[in-house]
Amino acid sequence: MDMRDDVLEVLVSAEEIQKRTAELGEEIGRDYGDRNPLLICVLRGAVVFLSDLMRSIPVHVMVDFMGVSSYGGTNMDSSGVIKITRDVDTNIAHHDVIIVEDIVDTGLTMKALVDLLNTRGPSSIAICTFLSKPQRRKVDVDIRYCGFEVPNKFVIGYGLDYDENYRNLPFVGVLKPEVYEKRKEEKG
Ligand code: IMP
């Protein structure tokens with residue numbers, strides 16, 4: 001079965017993604033120069049974005065990973081109370097941190113994450129998100145670098161999942177409605 005058959009519409013093509021990640025990498029390089037920023041990748045969705053982004057940054061960076069899940073959310077909505085499932089190994093005090101995220105939706109997850117990291121004394125924190133859904137925002141989030149703004153639709157691909165599937169699609173798309181119906185039936 002080809003998972004591309006489940007896609008109703010492609011919102012951002014693989015070519016557009018490659019072009020934009022290259023631009024963002026250059027911009028980060030210009031902004032940070034010799035400051036050696038620490039990229040903190042939010043697992044699991046941002047892994048694909050990180051992998052392309054970091055290779056487009058022409059200055060030295062460090063990389064670490066943070067696992068975050070939201071308490072009591074569904075697989076399509078977040079609750080805003082986050083649980084750290086994996087913490088960074090790096091002591092971030094006095095580091096210039098760039099949080100690399102897959103998508104800022106309501107902004108609740110990102111706000112909680114920034115608040116937490118700020119308690120650890122970094123020199124600065126900037127947010128770099130692959131996607132943003134501004135229409136869904138419930139709290140203000142200061143996004144320094146954004147790949148693409150997307151409409152208020154549930155999107156999959158390029159790291160983003162529905163029920164842990166579709167992360168490996170090379171583009172961003174929207175699923176056919178029957179995919180959700182089928183999954184609900186399977187889960188009973
Ligand atoms: P927020 O707290 O509402 O901003 O949600 C952030 C998290 O919800 C993201 O890191 C994603 O894991 C997930 N999420 C939000 N919208 C989508 C979507 O359209 N597709 C896949 N995951 C999403």
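Numbers here simply count residues along the sequence, with the first being 1. Indexing begins at 1, ligand by ligand and atom by atom, following the structure's order.
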query: Can you list the atoms of ligand 1 that are under 4.0 Å from a heavy atom of D161?
result: 21 (C)
- request: State whether the side chain of K153 and the backbone N or O of V174 hold a donor-acceptor pair below 3.5 Å, judged by distance alone.
  value: no
- request: Within a distance under 4.0 Å of any heavy atom of K153, pick out the atoms of ligand 1 and give their elements.
  value: 19 (O)
Residues, nucleotides or ligands: over 12 heavy atoms within 6.0 Å of D140 CG: no
D34 atom CG, neighbour heavy-atom count above 12 within 6.0 Å: no
task: Check the surroundings of atom NZ in K19: do more than 12 heavy atoms from other residues, nucleotides or ligands lie under 6.0 Å from it?
output: no
query: Do any N/O atoms on F154 end up under 3.5 angstrom from N/O atoms on ligand 1?
result: no
query: More than 12 heavy atoms of other residues, nucleotides or ligands under 6.0 Å from CZ of R86: is that the case?
result: yes
- prompt: Does the ring center of F171 lie less than 6.0 Å from the ring center of Y158?
  reply: no
field: Contact check: G107 vs ligand 1, nitrogen or oxygen atoms, below 3.5 angstrom
entry: yes
message: For a 4.5 angstrom cut-off between non-hydrogen side-chain atoms, does F154 reach L175?
response: no
- request: For T106, take its heavy atoms, then give the atoms of ligand 1 lying under 4.0 Å from any of them.
  value: 1 (P), 2 (O), 3 (O), 4 (O)
- prompt: Any N or O of T109 that comes nearer than 3.5 Å to an N or O of ligand 1?
  reply: yes
field: Sub-4.0 Å heavy-atom contact, K111 with ligand 1
entry: no
message: List ligand 1 atoms under 4.0 Å from E101, heavy atoms only on the residue side.
response: 10 (O)
query: L160 heavy atoms, cut-off 4.0 Å: which ligand 1 atoms fall inside?
result: 20 (N), 21 (C), 22 (N)
